[in-house]
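Since the model is a prediction, treat every value here as computed from it, not as a measurement.
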Amino acid sequence: MPTKYTQAEMDRLALRAFRQKVPTAYDNVSESMFTFAFTSAGIQEEELLGKLQALIDRALANGESYSAEDYDKFIRDAQAVIRNTCGEGDLPPELQKLIQPARLKLIYQTNVRQAHGLAQWRVGMDKWHLSHYPAWKFVRTPGAKQKRLVHQRNENAIRLKTDWHFWADRMNARSLGGFEVPYAPFGFNSYMVLRPVSKKDALRAGISPLRIARQSNMNMNRSRFRDLLDKDWQAGHTGMAVPQPVKIPPTKPTAPPKTPSSPAPDNLPTPRPTQPPDPAPAPEKPEPPNPLPRIRRYKERYGSLDDIVITAGMAQIIWNDKKKQPDKHGQDKKQD
């Protein structure tokens, strides 16, 4: 891995990451503490888990990793610890599965890979590495017997380091036997690892320079996986100190300074209580126009009217006025 740290420093960071785990009975492990719990399926004896963790701790401290000799040594020591802890009699079914070499090798391999994977991820998420190596490459190492289909389709894929959905939710999903974290291992016996990608190669792979710049300025203390960061370790390195957000207290409004006033004399009249001003009168509503003048003008102009209908607003005014005209017999014509 291109980094400014030596291999010895990376091994110490892996040991530091592994020592953050706590031996926990399998039934007591919750989703929130799964990453930092040292456990194994079906094992409830925390004393036994603590002894197995001590064996892996010793292997990491001595620089042991994935050789056949390292596996054989851990298996022999772990089998002896299990028998000494649980007695010489018949072992329970869970411990009979645990004592098998394949199961012990899987426990050793997974925990060592998790320690190195978390150390690699922590180093890769500091400002210097995010600026110079902004992406990961999804690479397969030899040894996988059963390849997961989603891993096969995404071999050699190059994605930003902060693409949490791709790394944690898809490549390391629980449905694949993964751990839902953005670093290796990506499930049991997956043999998939991460390789850092330079900024130049990331641009060639089609990653937008705007996304790279946005990632470099991201505050990891507010990211989804901020609990995985080792703030004490980061603060102890030059140029990698984690700035704490400055909290500015809210300002309170300051009252104007009081001017000294002379005491009031005793012979002043008592001020009358002020009365509230009268409310302003409501504006008068305009009256609707009167249609009768229009009717009169219409009568004077045209004389006789028959069934004139005038509409004013929503009301209808019907007026019928016929002039009395004598008929041929000299009688007045009655109004209809």
Side-chain angles (χ1 to χ4, degrees), residues 1-26 29 33-41 43 45-86 98-126 129 141 143 179 181-186 188-191 193-196 225 227-238 240:
M1 169 182 176
T3 178
K4 57 182 180 179
Y5 299 103
T6 63
Q7 186 59 44
E9 289 178 326
M10 295 298 297
D11 292 340
R12 287 197 295 270
L13 293 177
L15 180 60
R16 179 183 175 88
F18 179 74
R19 287 179 176 175
Q20 291 180 325
K21 289 193 171 187
V22 179
T24 309
Y26 184 75
V29 178
M33 61 181 299
F34 186 79
T35 304
F36 294 105
F38 182 86
T39 188
S40 183
I43 307 304
E45 294 80 3
E46 293 185 357
E47 179 184 358
L48 177 59
L49 291 171
K51 293 180 179 180
L52 294 178
Q53 184 181 10
L55 294 178
I56 301 177
D57 185 284
R58 184 186 64 183
L60 288 172
N62 295 334
E64 301 171 5
S65 56
Y66 311 112
S67 65
E69 293 80 6
D70 298 336
Y71 289 143
D72 294 339
K73 181 179 179 181
F74 173 78
I75 291 172
R76 291 194 306 268
D77 296 342
Q79 288 176 340
V81 166
I82 294 172
R83 294 195 177 278
N84 293 335
T85 303
C86 301
L98 178 64
I99 205 170
Q100 298 300 321
R103 175 75 176 277
L104 292 174
K105 179 181 178 181
L106 180 63
I107 292 174
Y108 175 85
Q109 185 184 65
T110 302
N111 281 275
V112 172
R113 290 187 184 276
Q114 283 180 335
H116 285 284
L118 182 53
Q120 179 194 29
W121 183 83
R122 285 173 171 174
V123 169
M125 298 309 291
D126 66 36
H129 286 89
T141 57
F179 308 98
V181 290
Y183 56 85
F186 294 89
F188 296 102
N189 294 323
S190 66
Y191 290 88
V193 296
L194 299 177
R195 294 288 183 261
F225 292 101
D227 295 336
L228 298 178
L229 298 173
D230 192 346
K231 299 178 183 179
D232 296 336
W233 164 73
Q234 286 179 317
H237 286 71
T238 305
M240 297 177 58

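- The structure places NZ of Lys105 at 14.5 Å from CD of Gln100, a figure rounded to the nearest 0.5 Å.
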Worked verdict on Phe36 versus Leu118 for side-chain contact (heavy atoms from CB on, under 4.5 Å): CA-CA 11 Å; Phe36 294 105; Leu118 182 53; 4.2 Å; yes

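- We find the CG-CD1 distance between Leu104 and Ile82 to be 5.0 Å, quoted to the nearest 0.5 Å.
- Residues that satisfy the side-chain contact (heavy atoms from CB on, under 4.5 Å) test with Val81, not counting sequence neighbours, are Leu48, Lys51, Leu55, Thr85.
- Of all heavy-atom pairs between Ala115 and Ala14, the closest is CB-O, 3.4 Å.
- Proximity of Arg103 to Ser40: side-chain heavy atoms (C-beta onward) are separated by under 4.5 Å at one or more points.
- At least one side-chain heavy atom of Asn189 sits under 4.5 Å from a side-chain heavy atom of Leu106.
- No side-chain donor-acceptor contact under 3.5 Å links Asp57 to the backbone of Gln53.
- Tested against His116, the residues Asp11, Leu15, Leu13 include a single side-chain contact (heavy atoms from CB on, under 4.5 Å) partner, Asp11.
- For the pair Trp121/Val181, no side-chain contact is recorded, criterion being any heavy-atom separation below 4.5 Å from C-beta on.
- Counting heavy atoms of neighbouring residues, nucleotides and ligands inside a 6.0 Å radius, atom OH of Tyr71 exceeds 12 of them.
- Ring orientation note: the planes of Tyr108 and Phe74 are tilted relative to one another, at an angle of 30° to 60°.
- The two residues Ile99 and Gln79 have their closest heavy-atom pair at O-NE2, 3.0 Å.
- Contact detail for Asp126 and Val123: the closest heavy-atom pair is OD2-O, 3.0 Å.
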Please tabulate, for side-chain N and O atoms in residues 59-68, each donor-acceptor pair with protein atoms closer than 3.5 Å (sequence neighbours left out).
unit_1	atom_1	unit_2	atom_2	d
Asn62	ND2	Arg58	O	3.2
Glu64	OE2	Lys73	NZ	3.3
Ser67	OG	Asp70	N	3.3
Ser67	OG	Asp70	OD1	3.4
Ser67	OG	Asp70	OD2	2.8

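- The side-chain contact (heavy atoms from CB on, under 4.5 Å) test applied to Asn111 returns Phe18, Lys21, Phe38, Ile56, Ile107, Gln114, not counting sequence neighbours.
- Without hydrogens or angle criteria, Thr141 side chain to Tyr191 main chain gives a donor-acceptor distance under 3.5 Å.
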